[in-house]
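Start at 1 and go down the list; that is how both ligands and their atoms are numbered. Worth knowing before you read on, the calculation uses all heavy atoms, side chains too, and leaves out hydrogens, waters and symmetry mates.
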Amino acid sequence: MAKLFRAVIMGPPGSGKGTISERIAQSFGLKHLSSGDFLRENIAANTEAGVLAKTYIERGLMVPDHVMTRLLLPRLEEMTRHSWLMDGFPCTLAQAKALNSTCDLDLVISLNIPYETLKDRLSDRWIHPASGRVYNMGFNPPRVQGRDDLSGEPLIQHDNDQPEALVARLRHYKDVAKPVIDLYKSKGILHTFSGTETDRIWPYINSLLSTKILSRPEMDTQHIPMP
Ligand SMILES: Nc1ncnc2c1ncn2[C@@H]1O[C@H](COP(=O)(O)OP(=O)(O)OP(=O)(O)O)[C@@H](O)[C@H]1O
Ligand SMILES: O=c1ccn([C@@H]2O[C@H](COP(=O)(O)OP(=O)(O)O)[C@@H](O)[C@H]2O)c(=O)[nH]1
């Protein structure tokens, strides 16, 4: 049986984590796990963690680490038979350390995208709140303007995707992500991709994952030591 593969994708808001995660999930058959989707599911189901998380998200704040870990780690522990890619978690060093105690990651993808690009993308990002499906008027517009392709329900924009809120969000991301990135760098599993277009970054991510995922079973049978 092919060895299980666990990866994380990191990047500032608008860097394309969701877009790239979907492509990875489709091309490599990994499960795409999203912290935002987990939170939305818990909010919809009125779980204790969901009710608590909602009070932070509504104020545009990050959900505290202990709520995030209590919510996500049990879900990951259930996924012992699946390969997965996690998008949106860990965000902080405390979350990364908690994740570390649960599983060994094979790979971390970090997206490094210029500010102007993030600003342009986010000011044009439209979201279907119930599913978390994301559109952009230039890049992947909905079939009917302002409506979700699958449900036909209205799309919304988030206030904190507008340029006024973005500078503070990016500063916050840089502050909290730096030690997480340093941690994964020191473990030798960090791969950083820079650029302004997902379509141009994607071939590099695709070929990296092709080598990592396809070579693993073969490496196991031949007992080639990992570098
Ligand atoms: N790992 C996390 N730690 C703390 N809070 C989180 C985490 N992941 C998500 N959240 C909370 O859930 C909200 C929704 O997350 P989600 O990833 O869907 O959207 P987002 O804030 O628009 O992020 P992005 O713009 O990077 O896609 C976040 O704004 C934040 O309040
Ligand atoms: O090359 C790209 C990649 C993404 N997007 C759009 O940019 C926004 C942010 O992408 P995503 O939600 O995937 O980023 P995340 O916040 O998850 O990192 C969305 O409206 C995407 O449709 C874009 O215009 N060009």
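Taking OG of S83 as the start and CZ of R6 as the end, the distance is 6.5 Å to the nearest 0.5 Å.
Checked for salt-bridge contact, R75 and E41 meet the test: a charged N lies under 4.0 Å from a carboxylate O. Salt-bridge formation is detected for the pair K178/D182: a Lys NZ or Arg NE/NH1/NH2 atom is positioned less than 4.0 Å from an Asp or Glu carboxylate oxygen. Ion pair D161/R169 flagged as a salt bridge, since at least one NZ, NE, NH1 or NH2 atom sits closer than 4.0 Å to an Asp/Glu carboxylate oxygen.
Hydrophobic clustering, defined by side-chain heavy atoms of Ile, Leu, Val, Met, Phe, Trp and Tyr closer than 4.5 Å, groups L155 together with W126, Y135, M137.
R171 forms no cation-pi arrangement with Y173, by the criterion of a distance under 6.0 Å to the ring centre and an angle within 45° of the ring axis.
Side-chain polar atoms of D65 and T92 form a donor-acceptor pair below 3.5 angstrom. With hydrogens and angles left out, the side-chain atoms of S151 and D148 include a donor and acceptor closer than 3.5 Å.
Near ligand 1, heavy-atom contacts under 4.0 Å come from P13, K17, S35, G36, L39, R40, I57, L61, M62, V63, M68, G88, F89, C91, Q95, R125, R169. Annotation: ligand 2 has protein neighbours P12, P13, G14, S15, G16, K17, G18, T19, R121, R125, V134, Y135, N136, F139, N140, E197, T198, each with a heavy atom less than 4.0 angstrom from the ligand.
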Compile the donor-acceptor pairs under 3.5 Å between side chains in residues 185-194 and protein atoms, sequence neighbours left out, one pair per line.
{"from": "S186", "atom 1": "OG", "to": "L183", "atom 2": "O", "distance (Å)": "2.7"}
{"from": "K187", "atom 1": "NZ", "to": "N100", "atom 2": "OD1", "distance (Å)": "3.4"}
{"from": "S194", "atom 1": "OG", "to": "N112", "atom 2": "ND2", "distance (Å)": "3.2"}

